[in-house]
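Whatever order the structure lists ligands and atoms in, that order sets their numbers, starting from 1. Scope of the values below: all heavy atoms of this structure, side chains included, with no hydrogens, waters or symmetry mates. Here, residue 1 is the first one in the sequence, and each next residue gets the next number.
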Amino acid sequence: MRVTFLGTGTSQGVPVIACDCAVCRSLDYRDKRLRVSVWLEVQGKSFVIDTGPDFRQQMLRARVRKLDAVVFTHQHKDHVAGLDDVRAFNFRQRRDMPLYGRQEVLDQIEREFYYAFEEDRYPGVPHLQLLPITNQPFEVEGVLFTPIEVMHGRMPVYGFRVGDFTYITDTNYISEPELEKVKGSKVLVLDALQREPHISHFTLPQAVELINRLDVPVSYLTHLSHRMGLHEAVEAELPSHIRLAFDGLTLEV
Ligand SMILES: [Zn+2]
Ligand SMILES: [Zn+2]
Ligand SMILES: [Zn+2]
């Protein structure tokens, strides 16, 4: 399986509009972070997790030619706002785009993109197929996804394990039974927003502590704020089995 990080930034992205901090002014390409998403290429199939506001740019930048389905972690805007642009794949592939998510996520998609679900639809709108999931493993085009239910403040969010790869964004609490599902992964991606405490995201020290309790060979932090610091400086502080993800990073898992 190949994993490509399409975006690794928090909801505002990095740089932040009108911010003059050192991170937002950095010329290091790793300090330029679109909103979080990953592209999974597995068994000849192509999936993305989430379609944030940068979805179109991410599809162009990574040269994604085919998309078989979208799997959603949760309904926050930075994870769904770019959904309209899946219509490029509707036209190209001549089929509806399957969208997998918790019922609450699909309900919100139906509200926000109401024009895609009207009876008398404008011809150019996206064609979407809503497929509810619960906290049980499910198959997408023959590929098994195992949800990991985590808490993001008061909101339940799904992380996903696919084979030896586990992707968990937007969380500040994972219960012990759900953590069990992560064990044995070869690669873990985990939310780490910033250094200071936050009501719905892990901080850098919290993420490091949790990772150190799990026996995973390598972990990557994502959903990073400009307040985390410069990519190079933060990575220099971390043990070698914990890295910061960056946009464009690809992994063979
Ligand atoms: Zn988010
Ligand atoms: Zn900044
Ligand atoms: Zn969120």
Check E141 with R95, please: is the shortest side-chain N to carboxylate O separation under 4.0 Å?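 Counted as a salt bridge, because a side-chain N and a carboxylate O are separated by less than 4.0 Å.
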Could you tell me whether E180 and K183 make a salt bridge, using a distance below 4.0 angstrom between a side-chain N and a carboxylate O?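 Yes, charged N to carboxylate O under 4.0 Å.
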Using the rule ring pair (Phe, Tyr, Trp, His ring centres under 6.0 Å), only one of F160, W39, F145, Y167 pairs with F47; which is it?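 Answer to the ring pair (Phe, Tyr, Trp, His ring centres under 6.0 Å) test with F47 among F160, W39, F145, Y167: F145.
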The Zn ion (ligand 3): protein N, O or S atoms that are less than 2.8 Å away, sorted by chain: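 Near the Zn ion (ligand 3), the protein supplies H74 NE2, H76 ND1, H152 NE2, D170 OD2.
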Spacing of L210 atom CG and L190 atom CG [to the nearest 0.5 Å]: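 Between L210 CG and L190 CG, I get 6.0 Å after rounding to 0.5 Å.
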Measure the spacing between CZ of R61 and CG of D247 and express it to the nearest 0.5 Å.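 If we round to the nearest 0.5 Å, R61:CZ and D247:CG are 4.5 Å apart.
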Fit a plane to each ring of H201 and H152, take the angle between them on a 0 to 90° scale, and name the class: parallel (under 30°), tilted (30 to 60°) or perpendicular (over 60°).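 The arrangement is perpendicular - the two ring planes meet at more than 60°.
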For a 4.5 angstrom cut-off between non-hydrogen side-chain atoms, does S11 reach H76?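 No. Closest side-chain heavy atoms not under 4.5 Å.
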Considering the Zn ion (ligand 2), could you give the total of protein N/O/S atoms lying closer than 2.8 Å?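 The number of such protein atoms is 4.
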Would you find more than 12 non-hydrogen atoms of other residues, nucleotides or ligands less than 6.0 Å from E232 atom CD?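 12 or below, so no.
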Between F5 and F246, does the ring centre distance come in under 6.0 Å?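 No.
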